[in-house]
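Beneath this line is the structure, given in structure tokens, with notes to follow.
The first residue of the sequence shown is numbered 1, and numbering continues consecutively from there. Worth saying up front: this structure is predicted, and the values here are computed from it rather than measured.
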Amino acid sequence: MGEVSAVPPTGSWESGSPTLLVGSCEAFSGKSALVLGLARQLVQRGFTVRFGKPLAAGDGAAAQGSTDDRIDDDVRFVGRILGLPDEQLIAAVHRHSSVTSQQRLLAGELQAADGLAALKQRLAAAPAGLTLLEGPGSLSEGLLYGLSLVQVARGLQAPVVLVHPWSDCDSIDPLLLAREQLGELLAGVVLNGVEPERVASLREELVPALERLGLPVLGVMPRSPLLRSVTVEELARRLDAQVLCCRDRLDLLVETLSIGAMNVNSAMEFFRRRRNMAVVTGADRTDIQLAALEASTQCLILTGAGEPLPQLISRAEELEVPLLKVEHDTLTTVEVIERTFGHVRLQESVKATYAFRLVEEHCNFEALFSRLRLPVPA
């Protein structure tokens, strides 16, 4: 990996509370996975880590037993996985939703300094330690609250690590824009979602070119079906589906989608090549439904008119495969599911464990730690 700029951030380790921002140019780029992996490495080195999101997502509700409803659900999840005490979780300054945005817009509340001032107060009140802050979904999100990634980075003079999905060389444009806006505060980028077979060539050929353009690359992470997966419960919620059986198995993770619209022999061959799938098929295709139950199927989603046969429900219960019934047609159902993959929060322990390994194997933060002036562990 390339060398990070030697310009130190304001608030390096000598001042007691350095701050590092993790951001992205677009939503669902993999920030939470990187935060988990990075924070774990810091904790293992013996550092006290504080974590928060200045701009929380959604309307939210206070967690059970909590007195502060501005601690984002993702923040609580990271805290639980890493074993951080509540005092090391930093409450958000604002919650971002369409309702709160409309209220601020109508009230003319565009004072960017207010959001930053409130954030500084929260950081000053927290215990000393290295602060990890997860930014909003894009460079511009949060401007209405004075808490966009660029505003917070400049206001705190804190270095930024960007997580960015990489498909081809056109993916560089948002990173170049970020470099222009962040300047020396851009401490590095992690390229995410790379097709596994392209990771090695990207490291060898494109990473040096990116670094010559002022984009230090701290890691290249392959695309992960597991991290993009979604629970059966989340699919049921988004599809407004009726759960016909196995409610206690809604925590199963779906990694792939299959459509049962072919003849049963072709379907069986196709299903054998897939893993951890949701199968969408017509409610009248009992042959396809039974074939899907014998494969690596996490849930079976029935569309169209008609009710499943009792023997299908019995077999699904025996194999512990949830059956969902939806009112949508097959095309609409597939579209909803495809939009869901990769667009859900990382809030399952199995995903966290995988994120630890992914970051450890594919990222190198030594140059970043050097910039933060973190003491070398004994």
Side-chain angles (χ1 to χ4, degrees), residues 1-24 31-54 75 78-79 82-85 87-90 116 119-135 149-164 175 178-179 181-191 207 210-221 356 359-360 362-378:
M1 299 302 171
E3 289 299 318
V4 175
S5 167
V7 178
T10 298
S12 58
W13 188 259
E14 288 86 341
S15 68
S17 299
T19 299
L20 175 67
L21 302 182
V22 176
S24 61
K31 293 191 299 295
S32 294
L34 185 73
V35 163
L36 272 169
L38 176 57
R40 187 191 190 215
Q41 291 188 27
L42 290 166
V43 170
Q44 289 177 333
R45 286 172 172 243
F47 298 120
T48 298
V49 174
R50 312 182 302 180
F51 176 59
K53 294 172 69 171
V75 174
V78 170
L82 295 176
L84 303 181
E87 59 267 22
Q88 289 173 221
L89 304 181
I90 301 170
L116 186 61
L119 175 60
K120 288 180 177 179
Q121 289 178 353
R122 290 185 184 273
L123 296 181
L130 188 149
T131 301
L132 279 178
L133 295 179
E134 183 176 329
L149 181 71
V150 177
Q151 287 171 316
V152 172
R154 290 176 177 172
L156 299 179
Q157 281 297 289
V160 177
V161 173
L162 289 177
V163 188
H164 189 62
L175 291 176
R179 186 199 62 182
Q181 295 189 27
L182 291 167
E184 294 291 346
L185 293 174
L186 180 56
V189 301
V190 173
L191 307 180
V207 165
L210 292 172
E211 294 180 336
R212 286 193 294 271
L213 292 175
L215 297 169
V217 179
L218 304 175
V220 179
M221 299 200 298
F356 290 151
V359 172
E360 183 175 5
H362 298 281
C363 296
N364 185 341
F365 298 123
E366 292 307 317
L368 177 65
F369 295 159
S370 176
R371 172 167 179 162
L372 289 171
R373 296 182 178 176
L374 300 184
V376 177

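Proximity of a side-chain donor or acceptor of R50 to a complementary backbone N or O of A126 within less than 3.5 Å is detected. Of the possible donor and acceptor atoms, none in the side chain of E134 sits under 3.5 Å from a partner among the backbone N and O of K53.
Taking CG from L175 and CG from L186, the interatomic distance works out to 8.0 Å, rounded to the nearest 0.5 Å. For the atom pair CZ (F51) and CG (L84), the distance works out to 9.0 Å, reported to the nearest 0.5 Å. Once rounded to the nearest 0.5 Å, the distance linking CG of L210 with CZ of R179 reads 10.5 Å.
A153 pairs by the side-chain contact (heavy atoms from CB on, under 4.5 Å) definition with L21, V160, L182, L185, not counting sequence neighbours. Remark: E366 pairs with R45 by the salt bridge (charged side-chain N to carboxylate O under 4.0 Å, His left out) rule, at least two apart or across chains. Under the side-chain contact (heavy atoms from CB on, under 4.5 Å) criterion, S24 pairs with S29, K31, sequence neighbours left out. Residues passing the side-chain contact (heavy atoms from CB on, under 4.5 Å) test with Q44 are R40, sequence neighbours excluded.
The nearest pair of heavy atoms linking A158 to T19 is CB-O, 3.5 Å. For A187 against P159, the heavy-atom pair with the smallest separation is CB-CB, 3.8 Å. Counting all heavy atoms, side chain and backbone alike, Q181 lies closest to R154 at O-NH2, 2.8 Å. In this structure, L132 and A39 approach most closely via the heavy-atom pair CD1-CB, 3.7 Å.
A heavy-atom distance below 4.5 Å is found between the side chains of V207 and E211. Contact of the L156 side chain with the L123 side chain is registered, since non-hydrogen atoms from C-beta on lie closer than 4.5 Å. Looking at L20 and L368, their side chains come closer than 4.5 Å, going by heavy atoms from C-beta outward. A heavy-atom distance below 4.5 Å is found between the side chains of F365 and V359. The shortest side-chain heavy-atom distance between V49 and L82 does not fall under the 4.5 Å cut-off. Side chains of P127 and T48 form no contact here, defined as non-hydrogen atoms less than 4.5 Å apart. Side chains of V75 and I90 form no contact here, defined as non-hydrogen atoms less than 4.5 Å apart. Residues Q151 and L116 fail the side-chain proximity criterion, which asks for heavy atoms closer than 4.5 Å.
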